[in-house]
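Heads up, the thing below is written out as structure tokens.
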There are 2 protein chains.
Amino acid sequence: MTKNKHVQIRNKHITRKRLISAVGSLLAREGFNGLGVNAVAREANVDKVLIYRYFGGLSGLISAYGKEGDFWPSALELAGGDLQTFARCSLSEKLSRLGHNFIKALKKRPVTCEIMIWEMTERNELTIELETIRENSMIEFYQMFLLTRDNEQDLQTVVTLIGAAISYLVLRSRNIDLYGGLDLSSDAGWQRLEKAIEVIIQGTIGND
Amino acid sequence: MTKNKHVQIRNKHITRKRLISAVGSLLAREGFNGLGVNAVAREANVDKVLIYRYFGGLSGLISAYGKEGDFWPSALELAGGDLQTFARCSLSEKLSRLGHNFIKALKKRPVTCEIMIWEMTERNELTIELETIRENSMIEFYQMFLLTRDNEQDLQTVVTLIGAAISYLVLRSRNIDLYGGLDLSSDAGWQRLEKAIEVIIQGTIGND
DNA sequence: TGACTTTGTCACCGAGCGGTGATATAAGCA
DNA sequence: TGCTTATATCACCGCTCGGTGACAAAGTCA
């Protein structure tokens with residue numbers, strides 16, 4: 001173990017970036033439990049006092065991190081990469097793709113998963129900020145593609161419910177394989193789930 | 001603040017119970033983050049060394065706690081208090097009641113909610129034990145009331161999905177009011193949700 | 001060059017943590 | 001009564017935590 005703090009370059013900008021990205025890697029590796037001033041400074045290989053100098057403290061650093069991340073899938077990603085093709089699909093096809101893409105998007109964002117769990121245990125700068133981002137993104141998506149007709153509140157709630165279920169199952173699957181007879185560690189299990197989502201969608205809105 | 005450790009009665013059984021119940025109240029009040037040897041001992045007003053003597057450590061104490069709790073709703077509770085009436089209902093009526101009762105059961109078990117979140121962040125004696133209890137309970141319930149016909153795998157998955165959604169929304173509602181346009185802090189929001197569940201059930205299995 | 005600012009290092013604080021060995025004291029029994 | 005044992009307390013260890021003030025060294029500019 002070489003102690004290379006002594007050769008630290010002197011560049012505020014780079015140091016800030018190192019700290020911010022340390023938050024990300026630490027969050028991905030250890031979860032929000034391991035997120036402290038000492039740990040972040042260690043991870044960034046930077047003195048912890050700089051966290052106070054540059055960000056006013058850990059919460060400032062965390063919210064700086066929150067502003068730079070690709071935490072939540074964009075409408076584009078949820079639509080599957082091509083908005084126009086998506087817009088031309090039938091409603092049931094749209095919803096089916098939405099479910100599929102949402103599962104994929106969540107699975108490949110371990111930090112987002114970590115934060116979603118965090119949101120359930122406490123409220124702080126980051127979780128509040130992320131909550132706002134997500135809520136806006138969801139509403140925007142609804143308005144863009146799904147709720148063309150009015151008084152379709154039930155449909156919106158069904159979609160929200162499916163989204164909640166997906167969120168829960170993805171979050172659980174990170175530590176626990178089995179849920180209600182569903183094997184969340186296998187592709188087959190997730191296919192069964194997507195199938196069920198399609199059944200729900202078909203049953204709820206028909207072939208529209 | 002009186003320091004009443006000195007008048008502590010000398011009764012192993014009672015002391016054990018005090019420690020075990022301290023785990024429960026601490027879990028309910030502070031969540032699993034505040035659950036440490038010192039904190040539990042303080043809460044029980046007992047010296048922490050007794051945790052090691054009587055339970056071999058915190059994990060032993062926690063798993064002793066896990067064996068004594070009413071964490072997971074029984075089949076009876078999920079059925080609504082009367083198994084025979086429930087058994088006579090139509091399938092869709094059963095599922096609808098199941099959803100309603102599951103929401104109620106979860107809402108009134110803050111410690112269970114805490115543990116469910118805990119399960120998503122790490123695996124330890126308690127979470128593994130609780131996971132087993134719940135999984136068995138769910139399977140048992142399926143077999144008892146829902147899966148009379150074979151090859152109804154889709155239906156089981158739909159039910160699991162609804163259960164997952166309920167779990168997620170109840171857990172979130174403890175810290176966050178809004179989700180996908182759904183107001184989780186109001187009865188109206190939950191009624192909207194139950195309505196959506198009914199829509200899903202009707203759409204999936206008809207009036208059977 | 002010398003003065004001043006910016007950037008990074010270091011040493012230290014009090015507090016809380018998990019964990020343990022020595023000790024006090026109440027209970028039970030001869 | 002005295003002896004033993006079960007039960008509970010206390011003092012202390014090493015560690016990490018969040019946080020701060022003093023200082024070193026590089027950069028900047030006159």
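Order of the sequence lines fixes the chain letters, A, B, ..., with proteins taken first and strands second; residue numbering starts at 1 for each chain.
For B/D47 and D/dA6, the CG to C1' distance is 15 Å, given to the nearest whole Å. If you measure from atom CG of A/L19 to atom P of C/dT7, you get 13 Å, rounded to the nearest angstrom. Atom pair A/N11:CG and C/dT9:P shows a separation of 13 Å (rounding to whole Å applied). Rounded to whole angstrom, the span from the NE2 atom of B/H13 across to the C1' atom of C/dA27 amounts to 18 Å. Taking atom CG of A/L35 as the reference point, atom C1' of D/dG18 lies 13 Å away to the nearest angstrom. We find that CZ of B/R10 is positioned 12 Å from P of C/dG28, with the value rounded to whole Å. Computed from coordinates, the B/N45 CG to D/dC10 P distance equals 11 Å when rounded to whole Å. Look at NZ on B/K48: it is 11 Å from C1' on D/dA11, rounded to the nearest Å.
In this structure a side-chain-to-backbone donor-acceptor pair under 3.5 Å is present from A/N175 to B/M120.
Between B/E194 and B/W190, the side chains place no donor N or O within less than 3.5 Å of an acceptor N or O (distance only, hydrogens not considered).
Here A/R42 reaches the OP1 or OP2 of D/dC17: one of its side-chain N or O atoms lies under 4.0 Å away. Put simply, A/T15 has a side-chain N or O that comes within less than 4.0 Å of OP1 or OP2 on C/dG8. Residue B/N38 has no polar side-chain atom (N or O) positioned under 4.0 Å from OP1 or OP2 of C/dG16. Taking 4.0 angstrom as the limit, B/Y54 places a side-chain polar atom (N or O) nearer than this to OP1 or OP2 of D/dA8.
Considering only side-chain atoms of A/L50, the nucleotide from D/dG19, C/dT20, C/dG8 that sits closest is C/dG8.
For B/D187, the CG atom is loosely surrounded, since the number of other residues' heavy atoms within 6.0 Å does not exceed 12.
Below the 3.5 angstrom threshold, one finds no donor paired with an acceptor across the side chain of B/R53 and the base of D/dT7.
B/C89 approaches B/K94 most closely through the heavy-atom pair O-CE, 3.7 Å.
With DNA chain D read from its 5' end, the first of the two nearest nucleotides for A/V49 and A/V37 is the one closest to A/V37.
Using a 4.0 Å cut-off between a side-chain N of Lys or Arg and a carboxylate O of Asp or Glu, B/E114 and B/R174 qualify as a salt bridge.
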